[in-house]
Structure formats: C-alpha cells, structure tokens
Number of protein chains: 2
Amino acid sequence: MFNIIGLGLCDEKDITVRGLEIVKGSSRVYLEAYTSILMVQKERLEAFYGKELILADRDMVETESDEILRDADKEDISLLVVGDPFGATTHTDIILRARSLKIPTCVVHNASIMNAVSACGLQLYNFGQTVSLVFFTETWKPDSFYDRIKENMDLGMHTLLLLDIKVKEQSEENLARGRKIYEPPRYMSIPQAVSQIAEIEEIRSAGVLQPESTLAIALSRVGGSEHQRIVGGTLAELLAQPPEVFGEPLHSLVIVGKRLHHLEVEYAEEFAVNKETWRSVAQKAYGCALDG
Amino acid sequence: MFNIIGLGLCDEKDITVRGLEIVKGSSRVYLEAYTSILMVQKERLEAFYGKELILADRDMVETESDEILRDADKEDISLLVVGDPFGATTHTDIILRARSLKIPTCVVHNASIMNAVSACGLQLYNFGQTVSLVFFTETWKPDSFYDRIKENMDLGMHTLLLLDIKVKEQSEENLARGRKIYEPPRYMSIPQAVSQIAEIEEIRSAGVLQPESTLAIALSRVGGSEHQRIVGGTLAELLAQPPEVFGEPLHSLVIVGKRLHHLEVEYAEEFAVNKETWRSVAQKAYGCALDG
C-alpha cells in the first residue's frame, strides 16, 4: 500500500493515531521537503516515530515517483506531507502514477490551512475561492489575484490568500552556471502581502481593497499551538504594524467579504489591532448590525 | 483549559496524538451528540480513550455551556466534535462564553468534510462557497441553494453541498404534547438531493443544473476508510443509481464548475459511473481538452 499521510499544521503530535500507526509499520517513510514550513525539525519527527525519514523534495516526488513507489505493492510505503494530502499543494500526480502501476493507495487526512483558517472566527461556508499571492519582482507583478478577490467580494464572500513561499530557489548566476546552490527559503510576510495588494489596487482602482474600509485578518502558524497569531484590522492598520506582530512564517491573509455576520465580527474582535476601528468599519463599511 | 478537539471523519483512530493526550488528561470529556455521524459508537471511543464520555447534544452545548465549562479555569475539560471544531457546525458560541468567563481555550484541529472533499480529485482552491441543502417538505421547499450554486457556477467554481441531517426530531404530535420522544435520525441521501435539485431546476429553469450536462460527484463516509465511496457522473446518471451504490450516510455532493482542469477530470474518472460519459461531458459541456 502507498500511503499519503497528512501531518497537520504544527508539530509531531498533530499526526492522527491512524497515521502514526501506518508510519510505524512502513518499510520506507518519505517526508516531503516543505518541512521547513512545519514547526519542527526532521530529527524531532524521527525521534517521535522511531523511524528514519527520507527527505523528498518537490522534484523528487514529481520525477522519482517510481522509486518512491517501489515495492508498495508488497509493503507499506508512506509519504508524509504537511497539512492535508490534498491541501494547497496536491499529490494527485503520484496517486495517479500509483494507480497506473496498480498499487493501492490510502490517504490519511488531517487539518490544513484550508479548513483551519476558520480559527479566525469567519465561517468556512462564507469563503469563496482560495487565491495565491506570489512575490512581485521588479519586472513581474502578476495581478490576476485581484480579479479573483473581486469575484469573491462581488458575492460578499471571504477570501483566503495563500502567501508565496520560495524554497530551493537558485540565483540567476547559479542557475546559469548549473550550480545546485540554493538561496535561503523566503516566505511572504503580511506587510509584504498587504503592500503588494495596495500596489495593485492603486493601478486597478476598482475599489475592491480599500486601505481604510476593507477588513482583513492575518494568520500565522495557525493550528492551536502557542505560536499561533491571529491579527485583524483594516488593510491600512495591518500595513502599519511592525513585522514582529505577525510572528514567524507561514502567514496567510483573509480578506473579509461583505456577507459578514455580526457573530463573526464579535468572535474576531478578540484579534483586532484596534477593537473600535474593527467594530466601526464592520458597521459602516460592511453594514453589520452590532450592539453598542 | 477548555479544549475543543476535532475527531476527524472516520473512527477512534482519526484523533490526533495531541488530541488524544489532552483527552487522557481531562477531568471531564464531553462528546457532541452528532456522534451518530461518526462511524463508531461512544463505547468504542471510551474503550480507546480509557475514559468515560458525557454525551452533549446540540441543546446542551448551547444552553448548558456553563455546566460544561465548570472548573475549566482550574482543570482540563474537553469537548469532542466530529470533524474539525470549526467545520460545518461551529462552536464559536461556547468559545465566546469561555472567553467572557476568562477561561483559556485550546482548539485541536482535524480534517473535516470542508477539506477532505478534495479526495474526489477536485482542487480545493477551485471551490466557491459551501451550500447546505435541507429536506423539502410538502409545504416548504427552500430554494436559495440554487442561487448560491448559480453564483459559484457563474464563476466556474465547484460547489460542496452539505446534505441535511435530522437528529432528535419530534413528530408534530409529540411536539404539541410536549413529549420528548424523538424520531429516528434521518440523513439526506444522494438520490434525494439530486431529485430536489432537479425539482428546483425545473421551476427556475436557469439552466444551472442540467441533468445531462452537469457533472457531480457524490461522497460518502469520506476520510480514507474502507467505507469511503466516491461516485461521479452527470446528475441524471447519479439519479439513476440504486441507493446502495452510494453507501451509508453521511453523503455530500459536489457540483462541478466550468473552471474544470483536465487533471481533475482524469483523477476523478476513476470514480465515474460511466467513464465515457464522464470524459465526453467534460469535453463537450465543460470544454476540457483531454487526450483521446
């Protein structure tokens, strides 16, 4: 059996009991290399499982899938992934490959940012499509995210923005010379995300994401750990915060839609940079009926 | 500490290691009574945890929250819920109550249908808002779900439909006489859901949900267990299946949006009632470029 096992969001204890049992019984266990985004080191996972882990980066999962799947028709082989196996990064390719080799597969689900985002107090069923925001460069500023957010906003729905991660990036020079030297990983922070949003709003001027009257909620290391940070406010308020307010990466950002319910406002108020602005924008710009 | 712990989707082994440790250390553990939708009995959970569980139905969580929260400022008290604590049923009320009593809270996330739905092969980020479909009666056929699906469809997005559950229902007579006698639980099945959809399409005639050219995927008991069933086809094909094809409740239904990617088609083809119709509708009605 080929098993893809979600590790959840925080540390070694977020695996499910079912997942842990499968790991312990597997003859080979791969760990997808986006581990840097798990809040724990490979060694700590290995100690907890009592098992050696083989690091598998994105390339390897894509190009060496047959090696990963080797003997999976006879033994349990497992691939561990952060979050859920079908979260933001999907693993359909390797499952399709297993299918074509007639290897049975098993998926062990877990929490991912796609459902844990609701920790901010906004209702999951009020979210529209999820949108990715990539790092701008001097010459490349893809702005289709703006259209996607506008589609959600026009319907009053919230938008989860997944912020870019650059892992195993090569400098242009190293790439040109074919040197496998990688830059340190980069994670887009909330202030970067909000400033990119402001840049595109300035150009497009469709009034979708207004600094003073659009509410947003920043999440970092969400998943119930003591490292979790949730910070709400207008886009302008979030932009004005010192970076340390948002904690360590990974960050995600939610743009609040107009179908906002007063219970959502109340719940998320706890996380607001400024509770008074939070309530007054919810009332005036979002038309929420609040007490007091 | 007041802990709300997600149990995941299948059985006693879907709890996370973190969640299990908290359960074992709690002085009182409540189990939200929607357990009937977990695929396992209370007794089996109790044996696995080595702990007695107190059943808490929806009413109790809402009206007796202070009793549930008693001593949570001094000891660990836990409430177990199926899926994720912020899944389809949310638990914000009791967390707000805990906050107002200055009781610290901890949420242990887990998989819920809101992210595990991706097991059907459709990408989560292509889903729009989630929609609930309630049981029609002779005199009450709420059809706002149709507008919500249309909003998603107009943008090309997939829609997850959560199908109604009736637990602790009273007959009109028992209700009138104040007798606390409850009907057996009812779960909306896929054929019921599809026939309600057809009924409203017939009335509205906006062409949003066409029997022969709208693809849908039925999911039951999703979560990686051997009981999981995933069945895809046109709405007409799903309606024509004998009920046992879909397995035991709970059922959910996904309406496939036009922004369908060929990899999604390929992955989900495995689940199709008829692979040829599946591919030809994806090509002709959805404009997917497929090989062959």
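Labels below follow one simple rule: chain letters A, B, ... track the order of the sequence lines, proteins then strands, and each chain is numbered from 1. Note that these values count all heavy atoms, side chains included, but never hydrogens, waters or copies made by symmetry.
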Asker: Do the charged groups of R44(A) and E12(A) touch, with an N to O distance under 4.0 Å?
Answerer: yes
Asker: Taking every non-hydrogen pair under 4.5 Å, which of V131(A), L96(A), D154(A), T105(A) racks up the most with chain B?
Answerer: L96(A)
Asker: Does one side chain, of N110(A) or D14(A), offer a donor that lies under 3.5 Å from an acceptor on the other?
Answerer: no
Asker: Which residues from residues 143-150 of chain A are near chain B, with near meaning under 4.5 Å between non-hydrogen atoms?
Answerer: R148(A)
Asker: Are any non-hydrogen side-chain atoms of R229(A) and R221(A) less than 4.5 angstrom apart?
Answerer: no
Asker: Within residues 253-263 of chain A, which residues come under 4.5 Å of chain B, heavy atom to heavy atom?
Answerer: R259(A), L263(A)
Asker: Main chain of I5(A), side chain of N3(A): is a donor-acceptor contact present, judged purely on distance under 3.5 Å?
Answerer: no
Asker: Could you give me the CA-CA distance, side-chain angles and deciding distance for V117(A) and L124(A), then say whether side-chain contact (heavy atoms from CB on, under 4.5 Å) is met?
Answerer: CA-CA 8 Å; V117(A) 59; L124(A) 274 187; 3.7 Å; yes
Asker: Measuring heavy-atom distances to chain A, does F127(B) have an atom under 4.5 Å in its side chain, in its backbone, in both, or in neither?
Answerer: backbone
Asker: Using the ring of F271(B) (Phe, Tyr or Trp, six-membered ring only), decide whether R99(A) places NZ or CZ under 6.0 Å from its centre and within 45 degrees of its axis.
Answerer: yes
Asker: I'd like to know if E21(A) pairs up with K13(B) as an ion pair, taking the criterion as any Lys NZ or Arg NE/NH1/NH2 lying under 4.0 Å from an Asp or Glu carboxylate oxygen.
Answerer: yes
Asker: Report which part of L20(B) has an atom under 4.5 Å of a heavy atom belonging to chain A: side chain, backbone, both, or neither.
Answerer: side chain
Asker: Please flag which part of N126(B) lies under 4.5 Å from any non-hydrogen atom of chain A: side chain, backbone, both or neither.
Answerer: neither
Asker: With distance as the sole criterion, is a donor-acceptor pair present between the side chains of N115(B) and S112(A) under 3.5 Å?
Answerer: yes
Asker: Just wondering, do F48(A) and V23(A) contact through their side chains at under 4.5 Å, heavy atoms?
Answerer: no
Asker: Is it the case that N152(A) and T159(A) place a side-chain donor and acceptor less than 3.5 Å from each other?
Answerer: yes
Asker: Does a donor on one side chain and an acceptor on the other come within less than 3.5 Å for Q123(B) and H158(B)?
Answerer: no
